[in-house]
Amino acid sequence: MKTIDINIKIGCCQIEELSEQEQLLVRTAIKATAHSYSPYSHFAVGAALLLADGEVVMGANQENAAYPSGLCAERSAIFAAQSQRPDQAIAMLAIAARSGGCLTNSPIVPCGACRQVILEVEARYEQSVRILLYGKDKIYVVESVKDLLPLQFTGDSMK
């Protein structure tokens, strides 16, 4: 059997090492956690998108007793942006979370469904989405969702 080596690079930094624009996006994602409706999991996730024209769009996870009728923060922000501003590519995405009311120490990563949606966004606009994953202890910086989803299912997969 042959093996395939998959190498990815993920940056790791503190918030003060980010650009002012990146810091603002992370702080907006943190702010968005307050918009979460998470009475069941008590895990509040906030997302902030930077569109190509500089506009910022927030999203927060929305839970529902009739699971899986809720929606993740990342997808709520992406779908809002694409519904309202379909002409604008998504340049960057920041994600933050609170558990039990406190910001998480470690960065959280998008779920598989959100990774797939971000992958489709990259294909739609033909550009990578820079992803900032916030944790109090560190921030992960990912240049493309392809680094979080190295084996991808795309439209070409169905040909």
Side-chain angles (χ1 to χ4, degrees), residues 8-39 41-64 68-149 152 154:
I8 60 171
K9 291 184 181 179
I10 296 177
C12 184
C13 66
Q14 298 299 311
I15 195 163
E16 54 275 354
E17 296 177 80
L18 298 173
S19 71
E20 285 185 35
Q21 185 178 53
E22 292 168 331
Q23 288 182 41
L24 176 63
L25 200 64
V26 168
R27 288 189 178 96
T28 303
I30 292 169
K31 178 181 172 185
T33 64
H35 298 246
S36 168
Y37 178 70
S38 47
S41 71
H42 306 288
F43 191 71
V45 181
L49 302 175
L50 177 67
L51 301 180
D53 68 357
E55 183 179 342
V56 174
V57 177
M58 288 192 316
N61 62 319
Q62 304 295 309
E63 294 181 352
N64 191 291
S69 298
L71 192 61
C72 297
E74 300 92 315
R75 284 181 283 152
S76 73
I78 290 168
F79 295 156
Q82 291 188 326
S83 295
Q84 301 299 315
R85 304 291 308 281
D87 60 320
Q88 293 298 309
I90 297 170
M92 195 170 355
L93 165 65
I95 306 166
R98 293 182 189 275
S99 182
C102 298
L103 289 168
T104 59
N105 290 323
S106 295
I108 63 156
V109 297
C111 72
C114 287
R115 292 176 197 208
Q116 186 67 35
V117 168
I118 299 165
L119 180 68
E120 190 79 14
V121 166
E122 288 189 353
R124 178 179 181 177
Y125 296 103
E126 298 179 339
Q127 70 179 51
S128 296
V129 175
R130 185 176 173 93
I131 304 170
L132 308 172
L133 305 171
Y134 174 81
K136 289 191 301 186
D137 294 341
K138 60 187 165 267
I139 297 171
Y140 291 149
V141 180
V142 182
E143 296 303 324
S144 167
V145 74
K146 292 175 183 173
D147 290 329
L148 297 176
L149 192 63
Q152 299 122 32
T154 65

CD/Q152 to CD/E120 distance, rounded to the nearest 0.5 angstrom? 11.5 Å

Mind listing the closest non-hydrogen atom pair of H35 and Q62 along with its distance? O-NE2, 3.2 Å

Beyond-backbone contact of Q82 with V121, side-chain heavy atoms, under 4.5 angstrom: yes

If you count the non-hydrogen atoms of other residues, nucleotides and ligands that lie under 6.0 Å from CD in Q14, is the total more than 12? yes

Mark yes when over 12 heavy atoms from residues, nucleotides or ligands other than Q84 sit less than 6.0 Å from its CD; otherwise mark no. no

Which residues pass the salt bridge (charged side-chain N to carboxylate O under 4.0 Å, His left out) test with R85, not counting sequence neighbours? D53, E55

Do V141 and R130 have side chains that approach each other closer than 4.5 Å (heavy atoms only, starting at C-beta)? yes

Spacing of Q116 atom CD and T154 atom OG1 [to the nearest 0.5 Å]: 8.5 Å

Rounding to 0.5 Å, atoms OG (S144) and CD (Q127) come to a distance of 10.5 Å

As a test of understanding, state which of Q23, K136, K138 forms a side-chain contact (heavy atoms from CB on, under 4.5 Å) with I15. Q23

Check: S19 side chain, E22 main-chain N or O, donor-acceptor pair, under 3.5 Å: yes

Return the minimal non-hydrogen interatomic distance between S36 and A60, and the atom names on each side. N-CB, 3.5 Å

When rounded to the nearest 0.5 angstrom, what distance separates CD1 in I90 from CD1 in I78? 5.0 Å

Residues P110 and L133: closest non-hydrogen pair is CD-CD2, 4.0 Å

Checking D147 side chain against I8 main chain: does a donor-acceptor pair fall under 3.5 Å? no

Scanning both residues in full, the closest heavy-atom pair of L49 with A81 reads CD1-CB, 3.8 Å

Do any pairs count as a side-chain hydrogen bond (donor to acceptor under 3.5 Å, both in side chains) and have a residue in residues 88-102, sequence neighbours left out, and if so which ones? T33-R98

Using the test salt bridge (charged side-chain N to carboxylate O under 4.0 Å, His left out), find all partners of R115 that sit at least two apart in sequence or belong to another chain. none

Dump the intermediate steps for side chain to side chain contact (heavy atoms under 4.5 Å, CB included) on C72 and V45, then the final yes or no. CA-CA 8 Å; C72 297; V45 181; over 6 Å; no

What are the two closest heavy atoms between L148 and I131, and how far apart are they? CD1-CD1, 4.3 Å

Which atom of F43 lies closest to which atom of I108, heavy atoms considered: CZ-CG2, 3.8 Å

Value rounded to 0.5 Å, distance of CE in M92 from CG in L51: 11.0 Å

Between P107 and Y134, is any pair of side-chain heavy atoms under 4.5 Å apart? no

Distance in Å, L50 CG paired with L93 CG, rounded so as to fall on 0.5 Å steps: 10.5 Å

Is any side-chain heavy atom of E122 closer than 4.5 Å to a side-chain heavy atom of V145? yes

